[in-house]
Amino acid sequence: MTPSPSLFAPLLLASLAIFAWGCWKRLSLLSLGRPEERFNNIGTRIGEMLRYAFGQKRVIAKPFGFNHFIIFWSFLILMVANTEFILNGLFPHTIKLIRLPFELYVPLAFMIDIASLLALTAVTIAAVRRLFAPPYPEARTPEAFFILGLIATLMLASFGLNATELADYMLKSGADPISFIAAARKIMPISATIAGLLPPLQLETIHVTAWWAHAVALLAFICYLPNSKHMHILTAIPNCFLHRLEKPNTQPREDFTVGNTFGVGQVDSYSWKDLLDSFTCTECGRCQNVCPASITGKPLNPRAVIHDIKVNLLENGAELKNGKHSHKPLIGDGGEGSVSEESIWSCTTCGACMEACPVFIEHMPKIIQLRRHLVETEAKFPEELLNLFENMEGRSNPWGIAPSERTKWCSQLDVKPFDSETTEYLFYVGCAGSFDSRNKHVSVAMAQLLDKSGITWGILGKDEKCCGDSVRRLGNEYVFDKMAKENVATFIERGVKKVVTQCPHCFTTLKNDYRQYGLELEVIHHSELLRNLVEDGRLVLDKTTQEMGTTVFHDSCYLGRHNDVYAAPRAVIEAATGQAPLEMERNTNNAFCCGAGGGRMWMEEHVGERINLTRVNEAMEQSPDTICVACPYCMTMFEDGLKDVKADNVKVRDVAEVMAEALLR
């Protein structure tokens, strides 16, 4: 029962050559990408890799992920058995695990046998799921079943090999079959059980068949791996090591000098890490299953965007390597390998796709880079954004209202201008808090609470300008750059060190984006400050408010997913009402977007169901009297949605209004 090295060796060499060529053909394309630093903090990165790649932390966050966890770890264990198989195929009878010391061989053989059974069970479950309940409709592909079939073949052939070897040894040693099988089951329970069922006269035939079935499946897998979506088996672990250590909540700056290109209009304008992301995508569908645009019938599918980047790179790679322009457009309606403009503008930048991705693919930044190209290079963007861009550039607010109107919200209050000598906090009111009639009430409530706490604070008044969040996420980096520089200069000139803001979009921009301009501020969201003031005894609640009735809380994407602020707004609501708010089905880091982020606040939804209606209906499942928010955009989207569903009896309140109701009314 011996393999034929003279036949196996050339097949193995040919397979390894195909594998190496496939890897080189794809991975060499990474050199086309722009430079990007991803090798800092090596120790931290190793820890992240161990936690997320080997520990599969994000994979098992979903119930079915445990099935993948089993396949992953079974494969790692079975690498030992497959290595033995290859070496034994080249040098029969010279390299065998059974030659190891008994104390080492027994547990290793047991693990291999059990891992083979677990892997076979897991791929069977995966095949059934793909057939009857795929994660998304397009997941039911011949490629998926082919790979699962190869894995199943490897496992079955492995059982056949081990079982025939056990049965052959039993016959040649003259051992009592019952005693031998009973003893063998303690080492290889599955293979030993099969060995007891095999016909003695057919052992040679079964062994040779199993050996070559295993060989063909293994070599086919080696050849196919780098030329399919399953290349993620090779790139997922490095991608977890190379992922962005900080939250991907900001974008790189651009250099506005003559001759530069802006954004990404051709695939080689992405960084090498962006291109690696495209090869790492497992196409598991988790991103599209949480994407608010995809869920509500918009053209955007984050999985498809990454897939199209990969296809575009593969189709244009040879030309780009030779310094030619790509023949297949990255942006447009060129079919597979091109990302449609409708998809690009559908993104709310909520970050749900990145939060769900088990291998840390960064979808959102890639989409914003495409927006930058459209806006800054081609001047192509939805018509309704023209007024927004003009208003932002001319009057530094979305509505084009005169800067002198910024202080009207506090005309009945004694609000002082910020003075670094006597004032601790700058209250950065934001455009919505200054100009939007509904959100002015939040600004007033916050101002009264700040006064009640006794801390010193002030505002910039007419000198306050928009932070530029929307224009940056919409791809108009030029206008953002101008606004950011003006704001940074103002903050430095006025000596601002601590900032409180009621808008998560202002919060994340001042805290994260402005660091790129050398400004280090202590930025705190108003929900965090209110919680701290209550905990420190500076806001003393002698009673709780019952006006809110049953409350449910909605997580803002830019406060929660982008900045990990989840507990503070809930603590404020609980302190003010005496009970924790109810939770929607999708909450905290899995919360569903209101639909206003990424500049979508200023755009209409023409396709599919409106995102805010989906979220409002989810909130209404809890039968609330009050929906609590911590973002002016969310406030607007929920109030509009409640009108559409005729829920006039349900209120929307910011956490500051809830606190003010308990403390000041």
Side-chain angles (χ1 to χ4, degrees), residues 19 23 26-27 30 36-84 104 107-108 110-112 114-119 121-123 126 135 147 151 221-222 225-226 229-249 271-287 290 306 351-365 561-564 566 588-590:
F19 175 83
C23 290
R26 292 198 172 203
L27 295 180
L30 302 185
E36 184 177 2
E37 174 54 57
R38 290 294 179 110
F39 290 95
N40 58 326
N41 300 312
I42 296 297
T44 302
R45 291 187 178 280
I46 291 173
E48 293 288 280
M49 179 182 67
L50 293 174
R51 183 179 302 111
Y52 291 102
F54 291 95
Q56 302 265 289
K57 183 177 178 180
R58 283 193 170 187
V59 174
I60 60 177
K62 298 292 183 182
F64 194 78
F66 190 69
N67 200 64
H68 186 277
F69 179 87
I70 291 173
I71 295 174
F72 175 81
W73 273 100
S74 296
F75 251 68
L76 290 184
I77 294 169
L78 293 173
M79 282 179 67
V80 177
N82 285 319
T83 301
E84 179 208 28
L104 182 59
L108 185 57
F110 182 82
M111 285 194 298
I112 288 172
I114 296 300
S116 298
L117 177 63
L118 290 175
T121 303
V123 296
I147 290 293
I151 298 172
F221 193 81
I222 290 172
L225 183 64
K229 78 181 185 70
H230 287 81
M231 191 177 182
H232 75 261
I233 294 172
L234 303 177
T235 58
I237 294 174
N239 214 57
C240 289
F241 174 84
L242 296 165
H243 84 85
R244 195 182 299 195
L245 296 179
E246 68 280 1
K247 284 276 187 178
N249 50 22
S271 75
W272 66 267
K273 176 57 173 62
D274 289 323
L275 302 183
L276 179 63
D277 276 355
S278 72
F279 290 134
T280 305
C281 179
T282 68
E283 300 196 22
C284 64
R286 290 192 184 188
C287 56
V290 296
I306 302 302
C353 52
M354 298 185 294
E355 189 76 19
C357 181
V359 291
F360 291 93
I361 289 169
E362 296 163 14
H363 316 70
M364 182 190 76
R561 263 191 299 271
H562 286 298
N563 287 283
D564 283 331
Y566 297 112
T588 57
N589 66 333
N590 189 42

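Since we're looking at a predicted model, the values are computed, not measured.
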Next item on the list: Please test Met49 against His243 for side-chain contact (heavy atoms from CB on, under 4.5 Å), starting from the C-alpha separation and ending with a verdict.
Entry: CA-CA 9 Å; Met49 179 182 67; His243 84 85; over 6 Å; no
Notebook entry, point to check: Is Asn67 reaching over with its side chain to a backbone N or O of Ala122, donor-acceptor style, under 3.5 angstrom?
Noted result: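 Yes.
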Notebook entry, point to check: Judged by atom type as modelled, is there a donor-acceptor pair below 3.5 Å linking the side chain of Arg58 to the main-chain atoms of Cys357?
Noted result: yes
Note to self: Please find the pair of heavy atoms, one from Ala53 and one from Gln56, that lie closest to each other, and give the distance.
What the structure shows: O-NE2, 2.8 Å
Next item on the list: Taking all non-hydrogen atoms of both residues into account, name the closest pair between Phe279 and Arg26 and its distance.
Entry: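 Smallest heavy-atom distance, with atoms named: CE1-O, 3.3 Å.
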Roughly how far, to the nearest 0.5 Å, is [atom2] of [Y] from [atom1] of [X]?
{"X": "Met354", "Y": "Met364", "atom1": "CE", "atom2": "CE", "value": "4.0 Å"}
{"X": "Asp274", "Y": "Ser278", "atom1": "CG", "atom2": "OG", "value": "9.0 Å"}
{"X": "Ile77", "Y": "Asn82", "atom1": "CD1", "atom2": "CG", "value": "12.5 Å"}
{"X": "Ile306", "Y": "His363", "atom1": "CD1", "atom2": "NE2", "value": "5.0 Å"}
{"X": "Met111", "Y": "Leu76", "atom1": "CE", "atom2": "CG", "value": "11.5 Å"}
{"X": "His232", "Y": "Leu225", "atom1": "NE2", "atom2": "CG", "value": "8.5 Å"}

Note to self: For Lys247, is there an ion pair with Glu355 - N to carboxylate O distance below 4.0 angstrom?
What the structure shows: yes
Notebook entry, point to check: Could Glu48 and Arg51 be called an ion pair, given the rule that one side-chain N must be under 4.0 Å from one carboxylate O?
Noted result: yes
Margin query: Is there a side-chain contact (heavy atoms from CB on, under 4.5 Å) between Tyr52 and Val59? Walk through the geometry before answering.
Written below: CA-CA 8 Å; Tyr52 291 102; Val59 174; over 6 Å; no
Next item on the list: Determine the interplanar angle of the Trp73 and Phe69 rings, folded into 0 to 90°, and report it as parallel if under 30°, tilted if 30 to 60°, perpendicular if over 60°.
Entry: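 Geometry flag for Phe69 against Trp73: tilted rings.
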Next item on the list: Please name all residues satisfying side-chain hydrogen bond (donor to acceptor under 3.5 Å, both in side chains) with Lys273, sequence neighbours left out, ordered by chain then number.
Entry: Asn239, Asp277
Next item on the list: Using side-chain hydrogen bond (donor to acceptor under 3.5 Å, both in side chains) as the criterion, list what pairs up with Thr235, not counting sequence neighbours.
Entry: Thr280
Item checked: Crowding at NZ, Lys62 (>12 non-hydrogen neighbours, <6.0 Å) ->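 Count not over threshold, so no.
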Margin query: Is there a side-chain contact (heavy atoms from CB on, under 4.5 Å) between Leu234 and Phe19? Walk through the geometry before answering.
Written below: CA-CA 11 Å; Leu234 303 177; Phe19 175 83; 3.8 Å; yes
Margin query: Run Phe39 and Leu242 through side-chain contact (heavy atoms from CB on, under 4.5 Å) and show every step you take.
Written below: CA-CA 7 Å; Phe39 290 95; Leu242 296 165; 3.7 Å; yes
